[in-house]
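If you read the sequence from its start, that first residue is 1, and numbering goes on from there. Computed from a predicted structure; not experimentally measured. These numbers come from the heavy atoms of this one structure, side chains and all, not from hydrogens, waters or symmetry mates.
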Amino acid sequence: MKKKIKKTLKTIRKSIVEYIITNRLFISYVILAIIGTMFVRYFTIGNFFSFKPFITDLGIILIIGGLGYFVKPKNQFKYYFIWLIIFTIINVINSIYYKFYVNFASIGYLDTVSQAETVTGSIFEKLSLFDIMYILVPIIFYVIHKKLLSSSYYYFIDKIEKGKKMVVTTLLVGVLCLGYSFGTASGTDYSRLAKQWNREYVVERFGILMYQVNDAIQVVRTKLSSLFGVEEAEAIFDAYIDQKEEHVDNEYTGILKGKNIVFVHMEGMQTFLMDLEFNGAEVTPNLNRLASEGMFFSNFYPQVSTGTSSDTEFTLLTGLMPAASGAVFTSYYDREYFTIPKYLQELGYYTFSMHGNLASMWSRDRAHPSLGYEGMYFEESFTYTDADVINLGINDRLFFKQAIPIMENIENTYENYMGYVITLSNHSPFYEAAPYSNLDLSSHYTEINSDTLEEVEMSVDYLSDTAVGEYIKSANYADMALGDFLNYINESDAFDDTVFVFFGDHDAKLNRGEINYLYNLNPETGEEYEEGDPEYVEYDYYDHELNKKTPLIIWTKNAELRDVFSGEITYYTGMYNVAPTILNMYGLYNKYTVGEDIFNAKDDNLIVFPNGNILTEKVYYNNSTGEYKVLEDGAIIDEDYIENVSAIGEERLDISNLIIVYDLLDSVSMTGEWYEEKI
């Protein structure tokens, strides 16, 4: 018996050694490919090794590699090398993309590539040595190939390789790997794989390669289904609209009738900045002044996807969510949407947009007319030199200075108007605008002189050259420009019947570690306080997500309305609540939204983010992990509550995407009975 076992083990060992010797190129390909996928998970979601995504990626790598045995040994290097380059490109793009958007790339976003030219600085700012590391994979493989070439490996393999047998065996192992992965998948896993909007979850469960394969399938399916799945989409859409509760008037219904309105889109401005002071100076004194003089929504959250600023424009004006794949402004701009500008046009309002950048950025030259703007004032409407450019276009201070005469002329020409003004300077990379701020970020502390034993005042600036420090100074400059704008408005004879809505379009896209440095900076050493230190401030995943809120302030110099639009509103409010809320103030109602009037929803409001995360006054729910943080003291959260809010969020995402992809609003009337009655 012992001899039999010994013989069997010897045979197995011999087979393994023989396999390794005769398949060195293939084994190198597999090891390098799988290492690349593990690193991309590690540098994005922080998950280096997890068995299920590992086994799924391995299955795909083996199936692709197994087909390489159909190729003659002397040409196998080219086959595997090409695939390793493809894998490397996937890894590099997703690694950089994740840093920029905290999401994974999609083939559906290829139509946004044209925007890359204008944000090159932001992209390069996010690059690191780790991103270059992926390139080592094909380089190492090439070196291995050269070593094998210098030996008699390829000649030897050409004589003994059994191609067909290796194909079958390798494909079988690959299929078994995928069979295990999908065989152990839950209903939730399949649902999220099919819908693809929670990309982090898909990568964490199925790996980066299956994510990319599935993404390609979903993009093709979406394109085809927009041609063939209209009837099913219409049925789902009609059922959703039919079950919506009728609109109820509230204390703000019709309050803005006959008044002008201007939305001021504040690039990258986050609410936490309003609480910061350095050496006695506020970071955002003018924004703070606005909040004290107007109606300040202190728990307001953008709901952007990869369209970032353009997603904000779309969601704010329509009450819908961003597209599940691609950006509305570049992929779906030619659809019918019911927007604030279109509704106000029905009331005789002149509508315009204004931006100190190229009209082609985010395809605004095509998207803005589709959203209902009659006039568009972009880069060509302003006078400036290269010295006046910060980041992507004309600096905010000069932009506002030249915007005021244009707006005054609009007021003198039209009885009523609605405008959308987009700022620019506080766009990443923040080191562009930071030098224009005089804010002193230095830390001051007392040290005992060892010789004289006297106290010595010390000063050192650790923050200014960090990502968060540059952001703070950039925002301070943007706030100075905002102060100029407020002064112009107050000094002007115009705008007495105008309400301004100031809002941050999205967070700064700084990662948790970069923001954590602000809260845990040791002013004496420049190091971060660590857990257990008395000065340590916990800043976990949920703190970071909740910190992404931006200001929303309704403000006017009209004395009568100023009494109405005052105080702090603490309801948790999403970007998709803005359109229903503002339209109600004009006595209008658009039932084809997924957001609600915040003054009707109040504490029961639910905010769904494009990745499926949910925020209510009680809880922040992480859709990727299924975990959540209770926000309301004493609140008891059970699984029924989580399942209910998750189902509502998923329904809103699905309905909104159906409206966009299938152009469902093209077949319904914008003016419903309630609307006609009010006007």
Salt bridge or not for [X] and [Y], using N-O below 4.0 Å?
X	Y	result
Arg199	Glu204	no
Arg41	Asp57	yes
Glu596	Arg652	yes

Query raised in the report: When you look at Gln345 and Thr351, which way does the side-chain hydrogen bond (donor to acceptor under 3.5 Å, both in side chains) test go after all the steps?
Result: CA-CA 7 Å; Gln345 275 184 344; Thr351 60; 3.3 Å; yes
Query raised in the report: salt bridge (Lys or Arg N to Asp or Glu O under 4.0 Å) with Glu267: which residues, sequence neighbours excluded?
Result: none
Indicate whether the side chain of [X] and that of [Y] have a donor and an acceptor atom separated by less than 3.5 Å.
X	Y	answer
Tyr641	Thr616	yes
His368	Glu313	yes
His247	Asp597	no
Gln212	Asn94	yes

Query raised in the report: Which is it for Tyr586 and Ile261 under the side chain to side chain contact (heavy atoms under 4.5 Å, CB included) test, yes or no, and what are the steps along the way?
Result: CA-CA 10 Å; Tyr586 279 98; Ile261 189 167; 3.3 Å; yes
Report task. Check Phe206 against Ser181 and note the closest heavy-atom contact, atom names and distance. Result -> CD2-OG, 3.9 Å
Query - Considering all heavy atoms, the nearest Gly504-Phe300 contact - result: O-CE2, 4.2 Å
Query - Side chain Tyr190, main chain Phe182, donor-acceptor under 3.5 Å - result: yes
Query raised in the report: Can you check whether Gly268's main-chain N or O pairs, donor with acceptor, with Asp505's side chain at less than 3.5 Å?
Result: yes
Report task. Would you please test Tyr417 and Tyr350 for ring-ring contact (aromatic ring centres under 6.0 Å, His included) and show each step? Result -> CA-CA 4 Å; Tyr417 59 87; Tyr350 171 73; 8.1 Å; no
Requested in this report: Could you tell me how the ring of Tyr301 sits relative to the ring of Tyr572: parallel (under 30°), tilted (30 to 60°) or perpendicular (over 60°)?
Outcome: parallel
Report task. Give me the ring orientation class for Phe500 and Phe502: parallel if the planes are under 30° apart, tilted from 30 to 60°, perpendicular past 60°. Result -> parallel
Requested in this report: Give the intermediate values and the outcome of side-chain hydrogen bond (donor to acceptor under 3.5 Å, both in side chains) for residues Thr581 and Asn584.
Outcome: CA-CA 5 Å; Thr581 302; Asn584 175 66; over 6 Å; no
Query - Leu424 CG to His265 NE2 distance, which is reported to the nearest 0.5 Å - result: 9.0 Å
**Report entry** Evaluation steps, ring-ring contact (aromatic ring centres under 6.0 Å, His included), between Tyr333 and Phe314
**Finding:** CA-CA 10 Å; Tyr333 66 89; Phe314 176 76; over 10 Å; no
